[in-house]
Amino acid sequence: VTRAARDETVHDIADAVLVARRDLASAYRQVAPGRADLSSEVVFQSVIERVDELEKDLALADPTYRAGRDFTAEQVVEALPSNAALIDYTLFTPYDFETRLWAEAPHVGAVVLRPDADAVFVDLGPLAVIQSAIEDLSATLGSGDRGKIAGVKLHRALMAPLDAHIGETETLFISPAGPLGLIPFDMLRTSPSDKSTLAASGPAIRLLATGRALVAEAPEAAGRGLVAFGAVDYEQAGSISPTSEDTDDTLLALIERARASSADSVIRAGGLQNFASLVHTAAELNAIARIWRKAGGETPELHIGANALEARLTSMTAAPRVLHLATHGFAEETEPVGARAALLTGIALAGANRRTETETSDDGVLFGYEIEPLDLAGTELVVVSACETGVGRVDATEGIYSLARSFRLAGAGAVLVTLKQIDDALTADFMSDFYQTWLRTPGTTPAQALAVTKRDWANSTDPSRSSPSTWAAFVLIENRV
């Protein structure tokens with residue numbers, strides 16, 4: 001919002017906010033679990049206070065920060081295609097006007113919008129009733145008896161009561177709330193049969209960050225090109241100066257190393273750790289670059305090995321059309337008092353395993369909090385090809401504090417993330433198929449390409465591909481439709 005402001009005072013305050021936010025990320029590094037001391041805690045809390053004050057100043061100085069951001073239901077309905085519907089879920093606490101008492105626990109509610117009908121609100125009942133099913137479906141992605149039972153239970157709770165209001169639609173836009181953001185909605189099912197899932201027999205499911213995504217304005221300038229990070233060397237960091245002339249040869253060498261490797265290809269989840277090499281991400285970047293060139297795209301900008309630097313990502317001067325990140329993701333489960341939720345998630349880049357040896361913010365660990373100030377307003381798609389990048393701390397009003405949220409706040413049009421641990425080798429193949437499907441036919445959207453890729457994998461004769469535990473982990477969250 002503030003980038004478009006014409007008032008220099010606003011720009012000055014915004015610049016101060018960015019500096020303070022970087023200071024906060026640096027201070028957080030010193031209070032991360034196992035590293036904190038009293039002086040670090042004092043510094044951390046003082047920086048939090050400074051950020052809070054500056055953000056308040058920014059809100060007061062920039063009228064556009066406070067105005068013009070709300071839309072009416074009528075505007076959203078006008079933006080809906082004629083054959084589509086929107087389910088906007090919410091969490092609320094019911095109030096009994098007769099007893100004048102609030103309910104003891106939150107309920108799930110849903111607003112259904114269609115172009116040819118009045119808006120409808122439906123109380124779907126207490127969240128606690130389906131909480132275990134959400135956890136089961138998130139953990140299994142619909143596989144096995146546990147996953148199928150959870151899928152049926154969540155369909156009965158979240159979809160079946162809305163059937164009469166949704167009608168026969170071809171596209172169903174869904175805006176989750178709170179823990180519902182952890183649900184792979186296309187794995188909801190009417191029965192234990194695999195043919196009864198929404199992915200197999202329902203309307204096209206499109207996840208929205210909020211219902212406002214339907215009326216979001218297109219960026220003034222569309223991003224150009226593909227920027228990709230992968231085959232990361234977590235042990236050392238190279239130079240910030242571009243050294244891309246040997247990229248192709250380096251990628252080929254890394255691919256050959258992967259073929260000779262017997263390393264476990266599961267991309268491990270969890271918090272900050274020592275990150276193992278992801279040998280198959282070299283093939284992933286090579287395939288994507290080849291498909292991009294074949295589709296007529298500009299020469300892709302690849303950052304690999306020791307040159308996959310945090311500073312190269314944060315210092316981009318222009319938003320690319322596509323930003324692809326093939327690396328490790330992480331989500332911390334513990335946090336210092338007052339820590340921003342976006343400091344608990346992030347990705348690992350070059351030199352991340354030696355992060356304790358540097359006192360700068362360019363230590364190879366990029367927190368979600370550091371992603372939010374990036375200018376990705378012109379970026380059509382961010383792909384975070386890493387483990388559990390769609391999960392994070394759950395907030396009843398703000399949703400999931402995941403990397404998807406951080407990239408959305410940075411302005412990206414859509415973010416492709418994962419809900420679970422993913423296999424390095426299979427992910428490389430999945431991403432290759434996704435980009436091939438997306439770019440081979442002009443006019444295809446990332447949402448359409450992902451749906452086709454998932455369907456093709458679900459119908460594969462290869463059990464490692466057809467299992468929902470492989471393909472259902474990938475979800476696309478749209479910020480602009």
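The structure displayed is predicted, hence computed values, not measured ones. Sequential numbering from 1 along the given sequence is applied to the chain's residues. Every heavy atom of this structure was used, including side-chain atoms; hydrogens, water molecules and symmetry mates were not.
Atom CH2 of residue Trp471 and atom CE of residue Met187 lie 4.5 Å apart, to the nearest 0.5 angstrom. Note: Leu426 CG to Trp457 CH2 = 5.0 Å, rounded to the nearest 0.5 Å.
Using modelled atom types, one side-chain atom of Tyr89 and one backbone atom of Leu158 make a donor-acceptor pair closer than 3.5 Å. Looking only at distances, a side-chain donor or acceptor of Ser201 sits under 3.5 Å from a matching main-chain atom of Lys195. Here the side chain of Ser406 pairs no donor or acceptor atom with the backbone of Ile371 at under 3.5 angstrom. Looking at Thr171, its side chain never comes within 3.5 Å of a backbone N or O of Ala84 through a donor-acceptor pair. Listed for the Arg21 side chain is a donor-acceptor partner under 3.5 Å among the backbone atoms of Tyr369. Distance alone, capped at 3.5 Å, places no donor-acceptor pair between the Lys420 side chain and the Ala472 backbone. When atom types are taken as modelled, the side chain of Arg114 and the backbone of His165 share a donor-acceptor pair closer than 3.5 angstrom.
The minimum heavy-atom distance linking Leu313 with Leu374 is given by the pair O-CD2, 4.4 Å.
Two residues are said to be in side-chain contact when any heavy atoms from C-beta on lie closer than 4.5 Å; Leu381 and Trp438 meet this criterion.
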What do the steps show when you test Asp433 against Asp456 for side chain to side chain contact (heavy atoms under 4.5 Å, CB included), and what is the final call?
-> CA-CA 9 Å; Asp433 290 353; Asp456 290 347; over 6 Å; no

Intermediate values then yes/no, side chain to side chain contact (heavy atoms under 4.5 Å, CB included), Ile291 and Ser432 | CA-CA 8 Å; Ile291 294 167; Ser432 177; 3.8 Å; yes

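Ring planes of Tyr28 and Phe367: perpendicular class, angle over 60° (limits at 30 and 60°). Aromatic ring pairs are classed by plane angle as parallel below 30°, tilted from 30° to 60° and perpendicular above 60°; the pair His303 and Phe229 is parallel.
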